[in-house]
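Structure first, then comments.
Here is how names work: the chains are called A, B, and so on, in the same order as the sequence lines, proteins then strands, and each is numbered from 1.
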2 protein chains.
Amino acid sequence: MTNIRSIAKLAGVSVSTVSRVLNDHPYVKEEKRRKVLDAVEQLNYIKNANAVHLSKGKTYSIGVILPYLNLPYFGEILQGIAGEALKHGYHLQLFQTDYDRGAELDAFHRLQMKEVDGLILTSRSNSLDALASFISPNVVFCENVYDPTYKKVFIDHYQGIRSGLEYLYSKGHSQIGLCLHRTFGTNSEERIRGFFDGAEAAGHPVRDEWIFNDCYDLQDGRDVLSEWERMEEKPSALIVTSDQVSAGMVAEAGKRSIRIPDDLAILSFDNHPLSDALDITSFEVPIRKVGEEAFKLFLESEHPDPVILNTTLFERGSV
Amino acid sequence: MTNIRSIAKLAGVSVSTVSRVLNDHPYVKEEKRRKVLDAVEQLNYIKNANAVHLSKGKTYSIGVILPYLNLPYFGEILQGIAGEALKHGYHLQLFQTDYDRGAELDAFHRLQMKEVDGLILTSRSNSLDALASFISPNVVFCENVYDPTYKKVFIDHYQGIRSGLEYLYSKGHSQIGLCLHRTFGTNSEERIRGFFDGAEAAGHPVRDEWIFNDCYDLQDGRDVLSEWERMEEKPSALIVTSDQVSAGMVAEAGKRSIRIPDDLAILSFDNHPLSDALDITSFEVPIRKVGEEAFKLFLESEHPDPVILNTTLFERGSV
DNA sequence: CTGAAAGCGCTAACAT
DNA sequence: ATGTTAGCGCTTTCAG
C-alpha cells in the first residue's frame, strides 16, 4: 500500500508537507511541491478516503431515505438532490426502505455512526416521536412536520387539493372522489384535510367509499376504474394524486368505453409528460425542486425557514 | 466524543474486549460482556463507521453509475441492485453522470480511494480503453463487454431485435424502422447489429432515415410520430426500444387519428405496466434482474461466467 | 515555510 | 478468556 508516508520518504519531505501539497495549502516552496507531485506520480499514489473521513470527521456524503426507487416521483426528487449535491461536492448514499421502519431507523443509525453527514427523508415510515432523538440540523424532511426547529421543504398539498376541488366545483361537479397513495403520512393527511375542508366549505358531501388508497402505479389506476364502474353511486369526478394512476384510469376507460370527462372527470397531480400525452388535466408539482431545496436546506447552518412550494394547474381534456 | 477507549475504562476492561463484544466475537466472559454493554448504554456510545472502514479497508458499500435517475429503466435496475445489496449488508452510493465522462471517471476515482468496495456500471460513457486501467473484479458491467475477464450481465439485445424482426415479418411487414435511445454504447450497437443482420437475412431493405435516435421518454415518442407522419416513404412498423417512447407514439397517434397497428405497427420493449395499459405489444426485458445479477457478480470472487438474460414477447394490440 | 508528533477510533495479531 | 500494542492513512497543532 502506497501511503502518504512513502511518498514523503521518496520526496524527501515530511508527511505534513505532503498533506499540504495534496490539499492545496499555501506556504509550500515550489521546489518541494514539485518533488511531492513527482513522487505521487511515480508511486501512483491515491489518497485513502476513509482515512480522510476519519481524520476530518466528515464524509461529504448525504443519505437519502426513500421507500421505492422505481417510481417516477422518487426518481425525480432524487434527480433534484443529486444535481444540487454534485454542485457542492457531496455524494449520495441511498437508503431504500420499502416503508419498513427498521430500514429507516438503520439510516439514522448510519448518520450517528458518521457514515453520512446528513439525511434527507423524501418520505417517512416512523412516527416523529420515534425519530425525535435522532433529529438534528443535518436532517431534512420533505413534509410539513410541525416542529419549527426541523428543517423542511414541502409542497402545499392542502392548498393543492382545495384548488382542485374549487376547479371541479366550477366545472359543475359536486360528487367528487379522491385517489391517494396512502392515508398515513403528513403529505397524505394534508391532502385529506384539504379535501374535507374544501367539501365542507362548499357544502358538498363526501363519501368514504369515494376515497381510494394504495394507488401507486398504472395498474392501481386501472383497478380503481373497475371499482368505480361497479359502484352504485358513482362520483362524477376524481382527484388523483399521481399521473401514473390517472394514466391507468384513462387507458382503462378507453378499453371500457367510459368517456372521459363526460362519464368521469379526472383531475390529476404531477404534470408528468404522461399527462400531456394522454390529455390529462394535471397540477404541476415541482418535485425535482423539492429535492434541490432539500439539499440546500441541509447545507444551511442557521435555522432556515421552511420552504413551501406550490402547484400549478395545467388544463387539458380530462375535466 | 465517546469512543471505545472511554467505554473500556468505564467497564474496567481493555479496548480489545470492548471490540470483541461489539463485534460478537466469542471468548468473552458473560460478566464482562454485561459490563461492556452497560457502559455502552450509559455513555450512549455509537461506533464510528469511518474508523471501522479505515481499519478494515472496506466500506461495505458499492457505487452505482447511471446517467439519469428519472427514467424508469434506471429506477428499476437500481431497485434490483438495492434489494440484493440489502440482503448482503451493503449500501448503495450513487453516481449520476448525465453521460458525462468526467463524472464517470470520478466514480472510478472513488473506487480507487476505497470509498466504495465496488462499482456497477448500468450504462457507460467512457471508452473501455479509457477505463481499462481502473477495471478490477470489483467492477461489474451491464453490457456485453468483450473482454472475458470483465464481470458482466446483460440482456441479449441482438437476439431480442432479431426476434422482433421475425415477428414483424411474420405479420406481413417488410418496411421496418427502429427507434433507439442512442447509437453508441454496446447495448445500442448490439440492437443495431441485430437489426441489420435480421433485415439482411430476410432480404428486406433498411433505410437509414428509418432509424431514430435519442428517444428516451414520452415526448420523444410523440416527436418521432410527427416525423413519421411527414415522411414520404413511411415504414409500416417500428421497433421501439422503450415503452415510454412507444406510449408517447400511441398517445400521439390517437390524437392524430393514426391507426395503430393498421397505419403503423409498434413493437416495443420493456413490458412496463404502461404497455399493458395502452395495449402495446412489448418484449419483457428483465431489467430488475439485471440489477440483482450485477450485485451478485460483484460478490463472486472467482471469474464468473457472464450472465445473459433474455426477452420474452407479450403480444397485445399494437402489431 | 517545514517537520515532529499527537491525534481520529477501531481492529487484530500476539502474548499470556 | 483477556490485555498490550502496533497498525490503518491522513490531518493539524505547535514549535521552530
TODO: Among the candidates D:dC10, C:dG9, D:dG3, find the nucleotide nearest to the side-chain atoms of A:Asn3.
DONE: D:dC10
TODO: Mark yes or no: B:Lys296 above the aromatic ring of B:Phe298, with NZ or CZ under 6.0 Å from the six-membered ring centre and no more than 45 degrees from the axis.
DONE: no
Task: No-H, no-angle donor-acceptor pair, A:Ser16 side chain to C:dA4 base, under 3.5 Å - done: yes
Task: Euclidean distance, atom CD1 of residue B:Ile4 to atom C1' of D:dT2 [Å, nearest integer] - done: 14 Å
Task: Rounded distance in Å - CG (B:Asn48) to P (C:dC10) - done: 6 Å
Task: Close approaches to DNA chain C from residues 17-32 of chain A, in residue order (heavy atom, under 4.0 Å) - done: A:Thr17, A:Arg20, A:Tyr27, A:Val28, A:Lys29, A:Lys32
Task: Which residue lies more 5' along DNA chain D, comparing B:Ser14 with B:Ala51 via nearest heavy atoms - done: B:Ser14
Open item on the list: With a cut-off of less than 4.0 Å, is there a side-chain N or O of A:Ser55 near OP1 or OP2 of D:dC10?
Closed with: no
Task: Value in whole Å for how far the C1' atom of C:dG9 lies from CD of A:Gln112 - done: 16 Å
- [ ] Grab the CG-C1' distance between A:Leu54 and C:dA6 for me, whole Å please.
- [x] 14 Å
TODO: May I ask you to decide if the ring planes of A:Tyr150 and A:Phe141 are parallel, tilted or perpendicular, using 30° and 60° as cut-offs?
DONE: parallel
Task: Euclidean distance, B:Thr17 OG1 relative to B:Leu22 CG, rounded to 0.5 Å - done: 11.5 Å
Open item on the list: Pairing donors with acceptors under 3.5 angstrom, does anything connect the side chains of B:Tyr99 and B:Ser123?
Closed with: yes
Task: Among D:dT11, D:dG9, D:dC8, the nucleotide that comes nearest once only the side chain of A:Val15 is considered - done: D:dT11
Open item on the list: Testing the 3.5 Å rule here: is there a donor-acceptor pair between the side chains of B:Glu104 and B:Ser125?
Closed with: yes
Open item on the list: Pairing donors with acceptors under 3.5 angstrom, does anything connect the side chains of B:Thr186 and B:Arg124?
Closed with: yes
- [ ] Round to a whole Å and report the spacing from CG of A:Asn50 to C1' of D:dG9.
- [x] 10 Å
Task: Protein-nucleotide distance (B:Tyr45, atom OH; C:dG9, atom C1'), rounded to Å - done: 7 Å
TODO: First locate atom CZ of B:Phe95, then atom NE2 of A:His91, and finally report the distance between them rounded to the nearest 0.5 Å.
DONE: 5.5 Å
Task: Rounded interatomic separation in angstrom, taking CD from A:Glu115 and P from C:dC8 - done: 21 Å
Open item on the list: Whether A:Lys47 contacts D:dT11 is assessed here as follows: a side-chain N or O lying under 4.0 Å from the phosphate OP1 or OP2. Is that the case?
Closed with: yes
TODO: Check the distance between D:dT11's P and A:Tyr60's OH and give it to me in whole angstrom.
DONE: 11 Å
Task: B:Asn3 side chain to B:Ser6 side chain, donor-acceptor N/O pair below 3.5 angstrom - done: yes
- [ ] Give a yes-or-no answer on whether the side chains of B:Asp147 and B:Thr149 include a donor-acceptor pair shorter than 3.5 Å.
- [x] yes
Task: Between the first and last five pairs of the helix from C:dC1-D:dG16 to C:dT16-D:dA1, the angle of the axes, rounded to 10 degrees - done: 40°
